[in-house]
**Q** 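One structure is given below, represented as structure tokens, and several questions about it will come after.
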Amino acid sequence: MAAVLEIDNLYKAFKVGFIPKKREILKGISLSVAAGEIFGYLGPNGAGKTTTLKCVLGLIFPDRGKVAVFGHPPLAAKARENLGYLPENPYFYDYLTAAEFLDFYAQLFGLRKKDKEEKIATLLRLVGMEKARDLQLRKFSRGMLQRVGLAQALINDPALLFLDEPLGGLDPLGRKDLRDIIVRLKQEGKTIFLCSHILQDIEMICDRVAIIVGGRVISQGALESLISEKVLFTEVTLSGIDPADLVDLGEPVSTLGDRILLKVFQEDNIENLMALVHERRGRIHSLVPRTETLEDIFVEMVRQG
Amino acid sequence: MKIQTIALNTFKEAIRDRILYLLFFFAAAALAFSRLLAVLAVGDRVKIIKDVGLASISIFGVLMAILIGTGLVYKEIDKKTIYTLLSKPIQRWQFLLGKFFGLVLTLFIMTLAMGLIFLVIVLLHTGKLEGRMLLAILFIFIELVLITAVSILFSCFSTPILSSIFSLSFYLIGHLSWGLETLIQKTRSGAARMALRGLSAILPDLENFNFKTEIVHGLAIDPRFYFFSALYGLVYTLFILALAVLIFKKRDFV
């Protein structure tokens with residue numbers, strides 16, 4: 001598939017302090033995003049995720065390196081015609097109502113009056129904000145702002161969507177809604193570039209990820225190739241057994257009443273444990289093998305990086 | 001088209017800003033006060049009303065231009081609203097001009113409103129509708145346009161408080177710079193005089209827009225003066241805007 005976004009060896013340093021001291025934020029970022037995929041851009045705070053995004057959007061100028069959005073440089077209006085962007089912690093014009101706010105952006109894309117009204121109504125419905133249509137944005141909660149922020153990013157029906165920490169500030173229900181919306185947008189054929197440090201959410205929906213630490217991409221690829229299928233340990237909840245008998249089989253994590261949560265590291269021990277429980281007439285309530293998650297990889301890499 | 005959209009949004013922002021109404025209220029109060037002052041004054045009362053009235057329009061107009069103008073661009077950067085805006089297909093110069101025209105439109109309406117109140121007060125006092133006063137107000141407005149451009153220029157790279165101080169200094173220097181001419185005549189020719197000449201060429205001369213005295217006292221003015229003053233305002237404004245665009249184009253939005 002053709003690449004819609006290509007970043008090649010990007011460098012950016014900022015001068016900070018009264019006596020300017022150079023601080024390198026990006027130290028040679030290279031990545032490419034193919035059409036139609038959900039691309040996760042992961043990294044701890046201060047890794048350079050937002051700085052990369054700003055270079056792509058033409059908000060800051062990289063010191064070195066190349067960015068191509070649909071093959072155009074970021075400052076070309078053509079590059080931005082087909083692009084949507086939801087910033088981190090979005091703040092918008094708080095003196096506007098939700099409808100006026102969307103109307104303003106629709107006008108910047110030159111939408112016609114009739115299409116405009118239809119589009120605004122559809123988008124407000126999509127993000128579940130129809131009721132807040134005529135409310136000034138200053139009265140919005142953070143989660144509500146996040147929702148109209150997404151509506152704003154979709155106003156031009158973009159082919160490429162940049163979402164910076166889109167799940168921040170949302171309650172569990174809001175997160176689920178947003179995840180569903182993102183997956184639906186993918187089905188419509190849009191490409192989504194997702195910056196985040198909330199890993200569970202990314203894991204479920206991303207096709208490919210890049211992990212950035214300290215201004216460098218340290219790993220990049222399809223999620224399956226990054227995460228091994230290897231079982232790290234098995235979590236077993238059981239009851240009716242004396243904890244003292246379990247010490248050889250695994251590591252007891254906690255007890256609640258007579259229920260014991262046990263971490264078993266060797267697969268052979270599972271068999272032994274089952275035999276023990278059977279013999280003592282105890283009960284097994286759950287048995288969950290834990291494979292490697294993105295979080296494990298992430299923590300490992302951040303530690304190394 | 002895009003400039004117009006941004007300008008209208010800026011206009012909306014300005015008219016929903018409380019500071020505008022506060023200043024407008026004080027301007028109206030000052031205009032009414034001129035009537036009171038006339039009662040206390042010795043001499044031609046109408047002239048006092050006109051003098052104080054026109055000065056009030058000018059001062060409060062300048063305060064509006066500076067206090068709102070210096071916040072316009074800075075607020076967008078500070079509140080990060082500029083991120084989403086500039087990620088849309090608009091150019092940075094379009095954004096800046098949109099902001100400029102939005103505030104100019106706001107000031108036009110405010111100046112018009114203050115001017116009308118002023119004309120009514122004069123009308124009540126003299127029984128005549130003095131259209132010539134509008135000419136003085138028009139040049140006050142041209143000056144406001146220039147001050148707006150200056151405020152926006154400063155707000156492209158500094159905080160509202162600093163920008164306000166810079167813009168106010170520009171205004172004061174502009175109204176005092178004619179004194180340089182006198183100084184030049186009193187200085188012997190040499191390096192000092194050259195330096196003063198250079199300075200007087202660079203510094204703005206905002207007295208060019210001041211027709212208050214002539215109009216209040218009914219003095220005749222060569223129409224060419226009007227023309228040159230308007231041209232001076234236009235060229236100076238374009239120069240400042242070009243400078244603002246140049247600075248804004250190179251800026252990183254961190």
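Nothing here was measured: the structure is a model prediction, and the numbers come from that model.
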**Q** Select one option (side chain, backbone, both, neither) describing which atoms of Q136(A) are under 4.5 Å from chain B's heavy atoms.
**A**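 Just the side chain, heavy atoms under 4.5 Å.
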**Q** So that I know where these two stand, are F92(A) and F140(A) an aromatic pair - ring centroids less than 6.0 Å apart?
**A**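 Centroid separation for F92(A) and F140(A): 6.0 Å or greater.
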**Q** Would you check, one step at a time, whether the test side chain to side chain donor-acceptor pair (under 3.5 Å) holds for Y83(B) with K54(A)?
**A** CA-CA 8 Å; Y83(B) 294 178; K54(A) 284 183 183 169; 2.9 Å; yes
**Q** Can we say K212(B) and E143(B) salt-bridge, meaning some charged N sits less than 4.0 Å from an Asp/Glu carboxylate O?
**A**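 No, no charged N to carboxylate O under 4.0 Å.
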**Q** Could you check whether atom CZ of F157(B) has more than 12 heavy atoms from other residues, nucleotides or ligands sitting under 6.0 Å from it?
**A**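 Enclosed.
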**Q** On a heavy-atom basis, which atom in F39(A) and which in S32(A) lie closest, and how many Å separate them?
**A**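 The answer is CE1-O, 4.0 Å.
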**Q** If you count heavy-atom pairs under 4.5 Å between each of K80(B), Q94(B), K2(B) and chain A, which one has the most?
**A**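 Ranked by heavy-atom pairs under 4.5 Å with chain A, first place is K2(B).
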**Q** Heavy-atom distances under 4.5 Å only: say whether E76(B) touches chain A with side chain, backbone, both or neither.
**A**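 Contact with chain A: side chain only.
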**Q** Any idea which of Q91(B), K88(B), R16(B), K12(B) has the most non-hydrogen atom pairs under 4.5 angstrom with chain A?
**A**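 Of Q91(B), K88(B), R16(B), K12(B), K88(B) has the most heavy-atom pairs under 4.5 Å with chain A.
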**Q** Quick one: what part of L85(B) sits under 4.5 Å from any heavy atom of chain A, side chain, backbone, both or neither?
**A**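 L85(B) touches chain A through backbone and side-chain heavy atoms alike.
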**Q** With ring pair (Phe, Tyr, Trp, His ring centres under 6.0 Å) as the criterion, how do Y21(B) and F25(B) come out once you've worked through the C-alpha distance, each side chain's angles and the decisive distance to 0.1 Å?
**A** CA-CA 6 Å; Y21(B) 296 100; F25(B) 169 76; over 10 Å; no
**Q** Select, from I60(A), L75(A), L83(A), the one with the greatest count of heavy-atom pairs under 4.5 Å involving chain B.
**A**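 Top option by heavy-atom pairs under 4.5 Å: I60(A).
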**Q** Which bit of L96(A) comes within less than 4.5 Å of chain B, counting heavy atoms only: side chain, backbone, both or neither?
**A**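 Both the backbone and the side chain of L96(A) come within 4.5 Å of chain B.
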**Q** At a heavy-atom separation under 4.5 Å, does K75(B) approach chain A through its side chain, its backbone, both, or neither?
**A**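 No part of K75(B) comes within 4.5 Å of chain A.
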**Q** With a 4.5 Å heavy-atom cut-off (strictly below), which parts of residues 103-117 of chain B touch chain A? List them by number.
**A**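 So far as heavy atoms go, nothing in residues 103-117 of chain B approaches chain A to under 4.5 Å.
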**Q** Among L59(A), L57(A), V56(A), L53(A), which residue has the highest count of heavy-atom pairs closer than 4.5 Å to chain B?
**A**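 Among L59(A), L57(A), V56(A), L53(A), the one with the most close pairs to chain B is L59(A).
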**Q** Please step through side chain to side chain donor-acceptor pair (under 3.5 Å) for the pair N9(B) and E13(B), ending with a clear verdict.
**A** CA-CA 6 Å; N9(B) 190 51; E13(B) 175 180 357; 5.6 Å; no
**Q** Rounded at 0.5 Å granularity, tell me how far CG in L86(B) sits from OG1 in T81(B).
**A**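 Answer for the CG-OG1 pair, L86(B) versus T81(B), is 9.0 Å.
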**Q** Only heavy atoms, only distances under 4.5 angstrom. Which residues in residues 152-164 of chain A are near chain B?
**A**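 Within residues 152-164 of chain A, the residues under 4.5 Å from chain B are Q152(A), A153(A).
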**Q** Return the orientation label for the F209(B) and F139(B) ring planes: parallel under 30°, perpendicular over 60°, tilted otherwise.
**A**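 F209(B) and F139(B): parallel rings.
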**Q** Below 4.5 Å from any heavy atom of chain A, which atoms of R92(B) appear? Answer side chain, backbone, both or neither.
**A**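 Side chain only.
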**Q** What orientation do F193(A) and Y41(A) show, parallel under 30°, tilted 30 to 60°, or perpendicular over 60°?
**A**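 The arrangement is tilted - the two ring planes meet at 30° to 60°.
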**Q** Indicate the ring-plane relationship of F248(B) and F95(B), choosing parallel, tilted or perpendicular according to the 30° and 60° boundaries.
**A**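 Geometry flag for F95(B) against F248(B): parallel rings.
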**Q** May I ask you to say whether R184(A) pairs ionically with E188(A), meaning some side-chain N is under 4.0 Å from a carboxylate O?
**A**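 Salt bridge flag = no for E188(A) with R184(A).
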**Q** Centroid-to-centroid, F101(A) to Y105(A), below 6.0 Å?
**A**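 Close enough - the centres of the two rings lie under 6.0 Å apart.
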**Q** Only one of L8(B), L96(B), L97(B), I90(B) passes side-chain contact (heavy atoms from CB on, under 4.5 Å) with I3(B); say which it is.
**A**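 Answer to the side-chain contact (heavy atoms from CB on, under 4.5 Å) test with I3(B) among L8(B), L96(B), L97(B), I90(B): L97(B).
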